[in-house]
Every structure is written in C-alpha cells, then in structure tokens.
Number of protein chains: 2
Amino acid sequence: MLEQISASKSEILDAAALCFMTLGANAASIDDIAASLGSTKGRIYHHFPSKGALLAAVQLRAARFTYEAVHEVIDDSLAPEICLRRMARAHVLEVLRSLPYHKVILQTFTGARGKTPSKAAEQGLLAQVRAEQRQYTELFATQVSRGMAQGTFAGRTLRITVAGLMLTLNSPVFWYQPGRGNEESFRNTVADDLADMALASLRA
Amino acid sequence: MLEQISASKSEILDAAALCFMTLGANAASIDDIAASLGSTKGRIYHHFPSKGALLAAVQLRAARFTYEAVHEVIDDSLAPEICLRRMARAHVLEVLRSLPYHKVILQTFTGARGKTPSKAAEQGLLAQVRAEQRQYTELFATQVSRGMAQGTFAGRTLRITVAGLMLTLNSPVFWYQPGRGNEESFRNTVADDLADMALASLRA
DNA sequence: GGAAAAACATACTCAGTAGTCTGTTTTGGA
DNA sequence: TCCAAAACAGACTACTGAGTATGTTTTTCC
C-alpha cells in the first residue's frame, strides 16, 4: 500500500509540488523543478519515468496525506455529526499543512484531460489516483449517509451534498497563504469555521 | 462597460472556452481552437492580440455572465436570507448554462501565475478580471454581512465564510456534465440543493 | 580495496506552439 | 460599380520544453 519512498524521492516530490503550485502543473517544466532543487533533469528522470508520472505521484501523496490524517480520527461509535466534525477539522488542518500538494490536486481536478493520451502507464496511475480519491471521499459519504438515514442531516441528493461538502473543506486551497504570522491560531480558526459551516450545511 | 462584441468574436470565445475546458487552458493551442472552428490561426489573431488576451476575455465574460444573472434578482428590501437564496439559485443555474466559461475560471484561479510575465497589457487585463470577480463576490458578501449583523447568520470570519459559500455554489463546475438526459429538472435539483446547503451553512 | 549498481550531470534531439508576415477573399459604403 | 478596410488563410520563424543517451561521481557491499 504505502510503498516506502526514499529521502531523495520525497525531496523531489516536495519541490515538484511547490513548482506545480506556483507555476501551474502545465507551465512548470522539469527544468524548473530541478533548478529549485539545485540539480538538473537527470536526477528527476532517474526517479520518475515521465512528468506525468511525477505529477501523478504528487497527487497520490496528497490523497494519502489527508486519508491518513482523517482515517485515524474516525470513530463509528460516535454520532455521525460528531464524527464528521472531527473528520472535517482534521481534513482542513492537514490541507493547510501540506498545502502545495493539495493545490496541485485542484489544478488537475477540473476535468481537463490534457491532450496527450499519456502512455497507458500513466493512464493506470491516473486511474489509481482517482480510485484513492474516490475511496477517500467515501469516508465522508458514509458518515453523511448515516446522518441522513437517522434524520440528523437533511435528505438531499447524496452526490451533490458530498461534493459541496468536500469543496467547502477544500476552500482554503484557493486563498490560504502561509507565512502571514499568527499561523497556529489562525489555522485553528479556519479549521473551526469551515467545520462549522460544513456541518451546518448538512443539518436538517 | 459591456463593450459590444461582434458575432465572430463571440463565436471564437465560445470555442476557446470549450477548448480551454476540455484540454486545459495551457495545453489548448490556438491551432486547436481554430480547428474546432473550422478556421485557422489568422482569424483568431485578427480579433485577439495574444493567447493571454483571449484567455482573459473568456474569464471576463464568465464573470459578467454570472454578474448579470445574479444582479437582476437582487432586492435589498428582502430579508438577507431570502435575497441570498435567490442569488444562489440564479448563480448556480447560470454556471450550469455557461459551464465552459466557468471551468476556465477555476483553472486559472488556483493561484498559479504561470511563468510568463505576460506583457504589461495582459497584466492589465488580468487585473481587470480580478477586479470584476472581486466586485461580483462583493454582491454576496454584502448580503452575508447584513445577515450576520441582524443575527440571522452565524457570526464567523467574513472572508472565510464568503469564500466557502462561493465554492459551494461553484461546486458543479467540478463534476457536472451536460447532456445526460433529464437536463431541465436535474439542473433545478442541483440549484435547489446547493442553494439550500449554502444557506444552511450560514444560519446561526 | 574494488567492482557493481545506484545516483546523479551534461549535452543533445525533436515535436509542438505562440506569434509574424504576407497574401487572398469578403464586405460595406460612396 | 469600385475601392478601401475588414476578415480571414497559409506558410514561415523562433523558441520552449519533454525526453534520451551517454558520461561521471558516489554508495554499497562483499
């Protein structure tokens, strides 16, 4: 499942996420990423077969970051609203922590397939990314569904509801900029506000 | 304000929005857009000085589409919650109508500046786009602020609240695909569900 | 200490693409 | 009817950026 990644590979992923974030996944070149590492292409192409694979690796890591963070606060014995709030908080905080990765997700989540049929291999990676993302949102869908069933949440179209929910929780990706002082407290404010909004949007 | 656009120019914008949406704003080439029109580069470069200008024009039009649609349902004499719900519905329906344009917005809204310093001229266009977008969200911020003041809405950080709100209302951009049958009724369901969620997320 | 493999660097190729320049057609008035 | 000016088409340039191929250095492990 969670294949061990070498230190160098991890460092490359961090740099790639940063470049993809600031320049855009398409505009950022391999040379840009290499330069930001103080290295050259060779290093990157030694660890990743193509740019698409690198991009997919970043996305995969993003999905797993949040999955790990949220998975460990889930407790099905709790009421769905309580459980969901803990999940929401954990999600937001993790997004703020590993921000560049999640910005990349957003960029490649708009339905733009690019034009390259991207060599079957990457096609598989992309499918895996989608699968893990779907699996992740399923964690939330489950709780929402529970809440709807027992009447705590309003009975609305599940897909639409969950999609809107996830978007709310991901909204900092669009505007949050780290390093403005008051980090710790501000992050908690954001997490609390968004968790509140998310929960409120569900209630019957 | 709303400079008259020729029919040909408008046709180009539609095609550009579609290409930008399906291929991504960066990956889509001018030739792609021209080909989808059954034309060649010449036509596009006759009407638009650069690709960046074309992209900005698409974004500008997207902002104006929603602005027009929402602006005409605003009625400050109504209670903020009532008014805001009408606005939300109008926004969602308009987004679904002119979907390609708004998908482009999302693509270029992730904070990725690209790398091209983009010739001062485009810098100005981009600034104008941001300005009109800000002006548009201000319409919503005003109502939210009103609601908070009179206690109908929960007192939360305004910026965060509005950002989350807009994201919820824009969520169809991520998953909606036209032409699956049941258009009319489904669109209304989406608009109603999202408007409900948005409003619920604000309530005290 | 020495060989093999991993971990890079460097110098290329080559396809795709923004933008230009020069024709050619079409349109709108006088 | 004629002539600008607008509205395109088509060929060309210059450059960027992904990927490759081959060298060079550093580990690793026996």
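In what follows, chains carry the letters A, B, and so on, assigned in the order in which the sequence lines appear, proteins first and then strands, with residues in each chain numbered from 1.
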Practice item. Check the pair B:Leu84, B:Leu202 against side chain to side chain contact (heavy atoms under 4.5 Å, CB included), reporting the backbone distance first and the verdict last. Key: CA-CA 10 Å; B:Leu84 203 54; B:Leu202 297 176; 3.4 Å; yes
Quick note, ring-ring contact (aromatic ring centres under 6.0 Å, His included) partners involving residues 30-54 of chain B, not counting sequence neighbours, are none
Can a salt bridge be assigned to the pair B:Arg89 and B:Asp196 using a cut-off of 4.0 Å between side-chain N and carboxylate O?
no
So salt bridge (Lys or Arg N to Asp or Glu O under 4.0 Å) across residues 16-32 of chain A, not counting sequence neighbours, yields A:Asp31-A:Lys41, A:Asp32-B:Lys115
With 3.5 Å as the limit, what N/O pairs link the protein to nucleotides 27-29 of chain C?
none

Closer than 4.0 angstrom, basic N to acidic O: yes or no for B:Arg159 and A:Asp193?
no
Is the closest side-chain heavy-atom distance between B:Val92 and B:Leu96 below 4.5 Å?
yes
By salt bridge (charged side-chain N to carboxylate O under 4.0 Å, His left out), A:Arg146 pairs with (sequence neighbours left out) none
Review point. With no hydrogens and no angle check, do the side chains of B:Gln107 and B:Asn26 hold a donor and an acceptor under 3.5 Å apart?
Key: no
Discussion item. Is it the case that the side chains of B:Ser98 and B:Arg61 hold a donor-acceptor pair, with the cut-off being a distance below 3.5 Å and no angle test?
Written reply: no
- Looking at B:Arg85 and B:Glu81, does any basic side-chain N land under 4.0 Å from a carboxylate oxygen? no
Across all chains, not counting sequence neighbours, the side-chain contact (heavy atoms from CB on, under 4.5 Å) partners of B:Ala154 are B:Arg156, B:Ala204
Here the residues of residues 42-52 of chain A within 4.0 Å heavy-atom distance, strictly under, of DNA chain C are A:Gly42, A:Arg43, A:His46, A:His47
Between B:Leu99 and B:Tyr176, the two heavy atoms sitting closest are CD2-O, 3.6 Å
Under a 4.0 Å heavy-atom cutoff, the residues of residues 28-41 of chain A touching DNA chain D are A:Ala28, A:Ser29, A:Ile30, A:Lys41
For B:Ser77, the side-chain contact (heavy atoms from CB on, under 4.5 Å) test, sequence neighbours excluded, returns B:Asp75
Numerically ordered, the residues 8-18 of chain A set in heavy-atom contact under 4.0 Å with DNA chain C is A:Ser8
Here the helical stems involving DNA chain C, each at least 3 consecutive Watson-Crick or G-U pairs closer than 3.5 Å, sorted by first residue number, are C:1-30 with D:1-30
Its 5'-most and 3'-most nucleotides having an atom under 4.0 Å from a non-hydrogen atom of chain A, DNA chain D is contacted over D:dG17 to D:dT20
Donor-acceptor contact present, side-chain B:Thr189 to main-chain B:Ser185, <3.5 Å: yes
Query raised in the report: Does B:His102 reach the side chain of B:Thr66, with side-chain heavy atoms less than 4.5 Å apart?
Result: yes
* To do: Report the C-alpha separation of A:His91 and A:Tyr136 in whole Å, then their side-chain angles, then the decisive distance to 0.1 Å, and conclude whether the side-chain hydrogen bond (donor to acceptor under 3.5 Å, both in side chains) test is met.
  => CA-CA 11 Å; A:His91 175 88; A:Tyr136 177 62; 2.5 Å; yes
Residue pairs passing the salt bridge (Lys or Arg N to Asp or Glu O under 4.0 Å) test with at least one member in residues 90-102 of chain B, sequence neighbours excluded, are B:Glu94-B:Arg97
